[in-house]
Amino acid sequence: MKCTPVRCLLFAVCCSLFILLIAVPVAAVTYVDVTDAAGIRFQHSSGARSSLLPEDMGSGAGFADIDNDGNIDLYIVNLPGAFKQNGNPVGSPTANVLYRNNGDGTFTDITKTAGVGHQGYGMGCVFADYDGDGNIDLYVTNYGANVLYRNNGDGTFRDVTGTAGVGCELWSTGAAFADVDGDNDLDLYVCNYVTYDLEALEQMKEESLQSGKPVPSALNPHVFEPQDNVFYRNNGDGTFTDVTAEAGVAAPGGRSMQAIFSDFDADNDLDLYVANDTSVNYTYRNDGSGVFTDVSAESWAADFRGSMGLAAGDYDSDGDVDLFISHWVDEENALYRNLLKEEEAAEHIRFVDESYTAMLAEASIKEIGWGTALFDYDNDGDLDIFVTNGSTFQELKRPQVLIAQRDVLFRNEGDGTFTDVSGITGIAVLPIRVGRGATFGDYDNDGDVDIFIVNNYARPTLLRNDGGNRNNWLHVQLIGTNANRNAVGAKIQVKTANRTQIREIYAGDSYMSSNSFIAEFGVGSATQVESVQVIWSNGDTHTLHNVPTNQRLRITQE
């Protein structure tokens, strides 16, 4: 066809329009700080920091629907102001806080009426319906005796620690619930840190080296003896029994921060990974009866770094569960790819560290990471990574203040690599804080995942996801009919035309925190999913076909 001047002009105009169309960027997903607008007035601690290790470690938080109204509520762990001066507590009394989600983007403080305002040296928390009555209960870890609150089902809780027998009095950090022995009720694993005597430490003035830098010995975990972890078996009658020795999961020498239960070898029982600070991490394989074998060395994931935050998920969409661990400065964060699909004939749990090939290692080497998650922030169908950062080093001119660091969000590119998108998502322009625990969930029920961050000795940060729901989504809420009402340990497989995704339901992950029990799937442009399959913790399956997207799907165990 001969190109006349008119045809040439029309062709040029069309080309220009096409270039403009493909050049216009899709509106970016942004995270907006809505802490004040949401009515969250929490302040982590009060008074002046006194350079003792328990002050710097906490705290965590949890999202869960405690009143069964369809909205996830928020619990935040706190600690007193300064710990002690001359043997006497100082600073204003502080308490943990429970916020009820009002369903309109705001929260109301119901701590007093709910009866969960524990005043202790708070560390972490985990939600789970341990007694199977349909109401989500709460376990709180402390420097000192832990607390179990039973949900009464009327907006109030009752302290049942003594009756239940789970008041571990060591320095506990992260905790996790799971049915590890197949009896349909939830057992409890409690991470413990080090033996730390506050009275003796008042006289400890010398310094020691940490990462080549002098720090007060009272802030150096290497100086203190690690404590063994504790595993409680649920007896099914509201009480627990310490079966740590029989189960083989004490993690001796661990200085544990957080643990997670996951079916790493896909044999339909829950294995255990324990993240330890400056100690070898533990991988335990479940034999199906709640007895574990230490396979740490053969798993290739026996990290000896300052492991803090812990997340699990199938980041490479190959059908098995991978691990992400946030680490200390000069110890880059670790992304462990599960080799199960490559070695299906092998009867073991094995990972390979892909941190450098995934472009995550160098980006984190100068940060100190804590709360974290593998989650799909933009609903494109693959799992991204968020890490909240905050130093454990003091400012030189203000030793009572820890050095703040920026949080970071990494987008999964779908090819095994990640890109730092903190700048384009608004994360990089947030006030710099000393981040610690973080919890993840869709608090405003708009189809994308929001983030709540506990900042050490500061106000927290509630980050609302704006734009993640541009892509389609499906949220799945499982309801068990046995004692495991939150279906902890169940797997969900969502299949669309171009990919298959899996999620597991966890009770306890991130850093001393607990995420929403609702499984969030991004499905891109798909308007329906081909199938949703649930594998319940007892092995039963439930499959739905041709499910419309952009809804919360509730599936009840048959």
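Position 1 is the first residue of the sequence; numbering continues from there. Note that these values count all heavy atoms, side chains included, but never hydrogens, waters or copies made by symmetry.
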Test of understanding: with salt bridge (Lys or Arg N to Asp or Glu O under 4.0 Å), list the residues that count as partners of [X], not counting sequence neighbours.
X	result
R411	E413
E169	none
R459	D36

For [X], enumerate each residue passing the ring pair (Phe, Tyr, Trp, His ring centres under 6.0 Å) test, keeping only those at least two apart in sequence or located in another chain.
X	value
F292	none
F240	Y130
H118	none
F107	Y443

Side chain to side chain contact (heavy atoms under 4.5 Å, CB included), paired with [X], selected from [options]:
X	options	value
Y232	V190, V243, L148, L186	V190
V34	D450, L462, T461	L462
N455	R436, R433, Q43	R433

Spacing of [X] atom [atom1] and [Y] atom [atom2] [to the nearest 0.5 Å]:
X	Y	atom1	atom2	value
C191	M257	SG	CE	10.0 Å
I385	L409	CD1	CG	9.5 Å
T283	L323	OG1	CG	7.5 Å

Not counting sequence neighbours, which residues clear side chain to side chain contact (heavy atoms under 4.5 Å, CB included) with [X]? List them please.
X	answer
D265	D263, D267, D269, D271, R285, I349
D466	T30, V32, R464
V449	F375, F440, E520
D380	D376, D378, D382, N471

Hey, do the aromatic rings of F224 and Y193 have their centres closer than 6.0 Å? no

Centroid separation under 6.0 Å, is that true for the rings of F351 and W300? no

When you compare the side chain of [Y] with that of [X], does any pair of heavy atoms fall below 4.5 Å?
X	Y	answer
F517	I136	yes
L463	I427	yes
S172	N192	yes

Closer than 3.5 angstrom, by distance alone: can the side chain of [X] be matched with the main-chain N or O of [Y] as a donor-acceptor pair?
X	Y	value
N456	G58	yes
D277	S307	no
S364	N333	yes

Could you check N229 against Y282 for side-chain hydrogen bond (donor to acceptor under 3.5 Å, both in side chains), going step by step and ending with a plain yes or no? CA-CA 11 Å; N229 298 338; Y282 281 88; over 6 Å; no

Where do [X] and [Y] come nearest, in terms of heavy atoms and distance?
X	Y	answer
V230	C168	CG2-SG, 4.2 Å
S45	T94	C-CG2, 4.2 Å
F177	V488	O-CG1, 3.5 Å
S279	R255	OG-NH1, 3.3 Å
A175	L188	CB-CD1, 4.3 Å
M512	M57	CE-O, 3.5 Å

Which label fits [X] and [Y]: parallel for a plane angle under 30°, tilted from 30 to 60°, or perpendicular past 60°?
X	Y	result
W328	F393	tilted
H44	F42	tilted
F63	F452	perpendicular
Y511	W370	perpendicular

Please determine whether side-chain hydrogen bond (donor to acceptor under 3.5 Å, both in side chains) holds for the pair N515 and D509, giving the CA-CA distance in whole Å, both sets of side-chain angles, and the decisive distance to 0.1 Å. CA-CA 7 Å; N515 295 331; D509 49 1; 3.2 Å; yes

Does the side-chain hydrogen bond (donor to acceptor under 3.5 Å, both in side chains) test come out yes or no for N281 and Y273, once each step is laid out? CA-CA 8 Å; N281 291 354; Y273 189 85; 3.0 Å; yes

Go through L138 and N151 one step at a time and tell me if the side-chain contact (heavy atoms from CB on, under 4.5 Å) criterion holds. CA-CA 8 Å; L138 172 65; N151 190 332; over 6 Å; no

What pairs of residues pass the salt bridge (Lys or Arg N to Asp or Glu O under 4.0 Å) test when at least one of them lies in residues 351-373, not counting sequence neighbours? R305-D353, D330-K366, R337-E354

Between N146 and Y139, do the side chains contain a donor N or O and an acceptor N or O under 3.5 Å apart? yes

